[in-house]
Each structure stands twice: as structure tokens, then as C-alpha cells.
Amino acid sequence: VQLQASGGGLVQAGDSLRLSCAVSGRRFSRDLMGWFRQAPGKEREFVAAISRTGGSTYYSDSVKGRFTISRDNAKNTVYLQMNSLKLEDTAVYYCAADPNAVLSAGLSYSSEQGHYDYWGQGTLVTVSS
């Protein structure tokens with residue numbers, strides 16, 4: 001099982017960036033997919049999640065209205081479109097897969113890192129002023 005995150009980079013505040021996470025070695029269409037991030041000196045935190053059909057999405061309050069999670073089950077890929085980036089969005093972003101979630105797992109469940117069995121290696125996003 002491999003989750004390959006990509007798309008990170010150095011951008012200025014207010015810019016946009018799209019992260020991708022390509023999944024191989026498992027039935028992607030069955031997984032709840034999530035994005036988490038870890039800023040320097042801080043614990044990893046939930047960013048967004050999407051149900052296996054894409055019909056339900058969940059966001060942390062800090063990114064709601066600016067970030068959009070989506071998935072393409074035909075391409076085994078989940079995306080995170082990040083707009084209006086802020087300095088505090090600087091972090092390593094990780095994608096993760098939960099094969100056990102029900103279809104509409106809800107925000108409380110989807111934001112718990114312990115539910116995710118598979119993790120990508122992370123991609124660094126740096127937002128400068």
C-alpha cells in the first residue's frame with residue numbers, strides 16, 4: 001500500500017496550491033480519505049476528509065471556506081485545493097486512508113487520526129509573507 005502526496009511548495013500568502021495524493025495497492029474507492037498537517041513544533045492536526053463516494057466532506061474550522069477536498073476514484077487520487085493561503089498554513093501535509101469508515105462517518109470520526117490505517121510521506125507547504 002502506498003500513498004504518494006505531492007504538490008507542496010513555497011508560495012506567498014494569498015496564493016493557491018493544490019495537493020494530490022495518489023494511492024496504490026488497495027481499493028481506494030472503499031476508503032475514507034483525509035488530509036492532516038503538522039506545523040513546526042506542533043502536533044499533527046486534522047485538515048479535511050472526504051467519504052469514499054465523495055458525497056460527504058469535512059473540514060477543520062481553520063480551513064473551512066478556503067480549502068476544498070475532492071477525489072477521483074477512477075484515478076485513485078485525492079486532492080486538496082488550498083486557496084487564500086495564510087502563514088499559519090505552513091506545515092507538512094499528509095494524506096491518509098481509513099478503510100473501515102462507514103459511508104457518512106461524520107466530522108468527529110473523520111478527524112480522528114487513529115482511525116486512519118495508511119499514511120503518505122507528507123509534502124511540505126511553506127507560505128511566506
Side-chain angles (χ1 to χ4, degrees):
V1 177
Q2 188 172 20
L3 283 71
Q4 184 70 41
S6 62
L10 174 63
V11 297
Q12 291 189 321
D15 285 351
S16 297
L17 204 59
R18 189 176 82 154
L19 306 182
S20 300
C21 175
V23 180
S24 59
R26 61 173 294 98
R27 296 188 68 171
F28 174 78
S29 61
R30 290 188 172 183
D31 294 346
L32 170 73
M33 295 299 299
W35 284 98
F36 293 79
R37 67 186 182 186
Q38 186 168 20
K42 295 187 177 181
E43 294 187 351
R44 190 163 58 187
E45 65 176 4
F46 169 75
V47 175
I50 186 167
S51 65
R52 59 182 182 258
T53 64
S56 296
T57 56
Y58 312 101
Y59 298 94
S60 68
D61 287 342
S62 62
V63 307
K64 194 176 299 181
R66 299 188 298 121
F67 290 11
T68 302
I69 188 171
S70 62
R71 67 190 296 160
D72 185 339
N73 284 350
K75 296 183 178 179
N76 282 12
T77 302
V78 62
Y79 305 98
L80 185 68
Q81 177 66 43
M82 305 186 294
N83 298 331
S84 302
L85 282 162
K86 303 177 180 180
L87 298 180
E88 52 263 40
D89 293 320
T90 294
V92 176
Y93 284 72
Y94 299 90
C95 57
D98 174 5
N100 301 310
V102 298
L103 182 57
S104 297
L107 174 61
S108 180
Y109 177 96
S110 301
S111 62
E112 288 291 333
Q113 299 182 44
H115 292 145
Y116 293 82
D117 291 347
Y118 305 101
W119 291 82
Q121 86 290 355
T123 185
L124 176 62
V125 174
T126 303
V127 184
S128 65
S129 59

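The two atoms that bring Ser110 and Leu32 nearest to each other are OG-CD2, 3.7 Å, heavy atoms only. The heavy-atom pair separating Tyr109 from Ala101 by the smallest distance is CE2-CB, 3.6 Å. Here the closest heavy-atom approach between residue Asn73 and residue Ser29 is recorded as ND2-CB, 3.8 Å. For the pair Tyr59 and Ala48, the tightest heavy-atom approach, listed with the atom from each and the gap, is CD2-CB, 3.6 Å. Of all heavy-atom pairs spanning Arg26 and Pro99, the tightest one is NH2-CB, 3.0 Å. Residues Val102 and Arg52 share a closest heavy-atom pair of C-NH1, 3.8 Å.
Put simply, the side chain of Met82 does not reach to within 4.5 Å of the side chain of Val63, judged on heavy atoms. Side-chain contact between Leu103 and Thr53: present, with at least one pair of heavy atoms (C-beta onward) separated by less than 4.5 Å. Val125 has its side chain out of reach of Arg37: every pair of non-hydrogen atoms, C-beta onward, lies at least 4.5 Å apart. By the 4.5 Å heavy-atom criterion applied to side chains, Phe46 and Tyr58 are counted as neighbours.
Hydrophobic clustering keeps Val78 apart from Leu107 (ILVMFWY residues linked when any side-chain heavy atoms are closer than 4.5 Å, directly or through intermediates). Tyr79 and Ile69 fall into different hydrophobic clusters, where Ile, Leu, Val, Met, Phe, Trp and Tyr side chains are chained together by heavy-atom contacts under 4.5 Å. Transitive grouping of hydrophobic side chains (ILVMFWY, heavy atoms separated by less than 4.5 Å) keeps Val127 and Leu10 in distinct clusters. Tracing side-chain contacts under 4.5 Å through hydrophobic residues (I, L, V, M, F, W, Y), one never reaches Val11 starting from Leu124; they form parts of separate clusters.
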Side-chain donor-acceptor pairs under 3.5 Å in residues 14-23, sequence neighbours left out?
residue, atom, partner, partner atom, Å
Asp15, OD2, Gln12, N, 3.1
Ser16, OG, Asn83, OD1, 2.9

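Between the CD atom of Gln4 and the CG atom of Asn76 there is a distance of 14.0 Å, given to the nearest 0.5 Å.
Checked by atom type and distance alone, the side chain of Arg71 pairs as donor or acceptor with a backbone atom of Phe28 at under 3.5 Å. Here the side chain of Thr126 pairs no donor or acceptor atom with the backbone of Thr90 at under 3.5 angstrom. No donor-acceptor distance shorter than 3.5 angstrom exists from the side chain of Thr123 to the backbone of Val92, with no hydrogens or angles considered. Remark: side-chain polar atoms of Gln121 are paired, donor with acceptor, to backbone N or O of Ala5 under 3.5 angstrom.
Of the residues listed (Asn100, Asp31, Asp98, Leu3), the one engaging Tyr116 in a side chain to side chain contact (heavy atoms under 4.5 Å, CB included) is Asp98, and it is the only one.
Annotation: Glu43, atom CD; neighbour count of heavy atoms from other residues, nucleotides and ligands within 6.0 Å does not exceed 12.
Taking the six-membered ring where the residue is Trp, Phe36 and Trp119 present tilted rings, their angle falling between 30° and 60°.
Ion pairing of Lys64 with Asp61 is present here, as a side-chain N (NZ or NE/NH1/NH2) and a carboxylate O approach within less than 4.0 Å.
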